[in-house]
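Below you'll find the structure, written out as structure tokens, and then a few comments.
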Amino acid sequence: MFICKRVNHLQDWLTEQRRQSRAVGFVPTMGALHKGHLSLVDASRQVADVTAVSIFVNPRQFNNPNDLQNYPRPVEADIKSLYEAKADVVFIPEITEMYPEDDPYHTEFDPGLLGRTMEGEFRPGHFKGMVDVVYRLLRIVKPDHLFLGQKDFQQAAIITRLVHDTGLPVAVSICPTIREPNGLAMSSRNMRLSDHGKEEASLIYAMLVKGRAAFERGEDASDIKTEILSTYRQHGLDPEYVEVVDGSTLEPVQYYADADYIVACCAVKVEEVRLIDNLIWKKAV
Ligand code: AMP
């Protein structure tokens, strides 16, 4: 596995792969890797000839300085996990490498409502910073395939739109959320939860599952949202939002018949750690 910090070293390596007609799969991450990230590496290895992984804790997408400071950075363990997962190249740039003064990769892409609702509302500037780094990474790596997690559903929706609108020639795959046995979505932030907090946090997913059953029975999304929010609060969790949206436009949805693709999304704080999750409530087949 080739490990590099410099854009030109990475690009030399990738140029050689392309010269040999190898398709490149790419998995961008912020490190502190868990089975969710590694499932993306697996997905890439199934369709691409070589798999590139980036580890970069992007300061521009953190609206909260404490969150940035507390973000885990176990780089040695990450490299070991990627080696075992058989990634081919790991790119671990410094901030100055990603954001040089003579900036060659800049985009004014505006995701519209996709970027304003939910996470966009509660984390101002987050998606602008995320788009900034993902666009840069895509221009640097020029992958054939890009692998993203359903866990960050809104992020995946925005990147899919970014790729479409900017015409980048990359196929985007969105892979299922990997969960702990108790249903808690795996996240680098879970490391900051106590064992008790991890148990409490399992309610996040449990209520999304319960809500889906009520929604399928024909109940109104507003009533279900109210019930989910109050159940979280009764159990000492601190929800920021629960929204039921059209999975393509992210417009709010009220009833099951209102759209073909419907996703329930939430952000909930547990022990001061902000967690997000989502569940598909309807998917057209
Ligand atoms: P992050 O390191 O949090 O920026 O995540 C990097 C990629 O891994 C993103 O595409 C995430 O959606 C994805 N990811 C994070 N957690 C999970 C999970 N539990 N299951 C599947 N994919 C995940």
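First listed ligand is number 1; within each ligand, the first listed atom is number 1. The basis for the numbers below is simple: all heavy atoms, side chains too, and nothing from hydrogens, waters or symmetry mates.
Electrostatic pairing of Glu76 and Lys80 does not count as a salt bridge here, judged by no charged N lying under 4.0 Å from a carboxylate O. Salt-bridge annotation for Asp258 and Lys282: absent, with no side-chain N of the basic residue lying under 4.0 Å from a carboxylate O of the acidic one. A salt bridge between Glu94 and Lys5 is present, with a side-chain N of the basic residue lying under 4.0 Å from a carboxylate O of the acidic one. Of the charged side-chain nitrogens involved, at least one lies within less than 4.0 Å of a carboxylate oxygen, so that Glu119 and Arg274 count as a salt-bridged pair. We find that Asp132 and Lys128 are not joined by a salt bridge, their nearest charged nitrogen and carboxylate oxygen being 4.0 Å or further apart.
Distances below 4.0 Å separate heavy atoms of Pro176 from the following atoms of ligand 1: 20 (N), 21 (C). Below 4.0 Å from some heavy atom of Leu40 lie the following atoms of ligand 1, by number and element: 7 (C), 8 (O), 10 (O), 13 (C). Counting atoms of ligand 1 from 1 in the listed order, those under 4.0 Å from a heavy atom of Pro28 are 6 (C), 7 (C). For ligand 1 and Met186, the ligand atoms under 4.0 Å from any heavy atom of the residue are 16 (N), 17 (C), 18 (C), 19 (N).
Partner of Leu203 under the side-chain contact (heavy atoms from CB on, under 4.5 Å) criterion, out of Leu237, Ile228, Val270, Val268: Leu237 alone.
The distance from atom CE of Met186 to atom OG1 of Thr177, rounded to the nearest 0.5 Å, is 11.0 Å.
No N or O atom of Lys151 sits closer than 3.5 Å to an N or O atom of ligand 1. Among the atoms of Phe147, none of the N or O lies under 3.5 angstrom from an N or O of ligand 1. Checked against a 3.5 angstrom limit, the closest N/O atoms of His37 and ligand 1 fall inside it. Note: an N/O pair closer than 3.5 Å links Met30 and ligand 1 by distance alone. Looking at Gly149 next to ligand 1, an N or O pair under 3.5 Å apart turns up.
The shortest heavy-atom distance from His34 to ligand 1 is under 4.0 Å.
For Phe62 and Tyr71, the ring centers are positioned less than 6.0 Å apart.
The closest protein non-hydrogen atom to atom 14 (N) of ligand 1 is Asp152 OD2, 4.2 Å.
Across the listed options Ile178, Val41, Leu184, Leu38, Ile178 owns the non-hydrogen atom lying nearest to atom 20 (N) of ligand 1.
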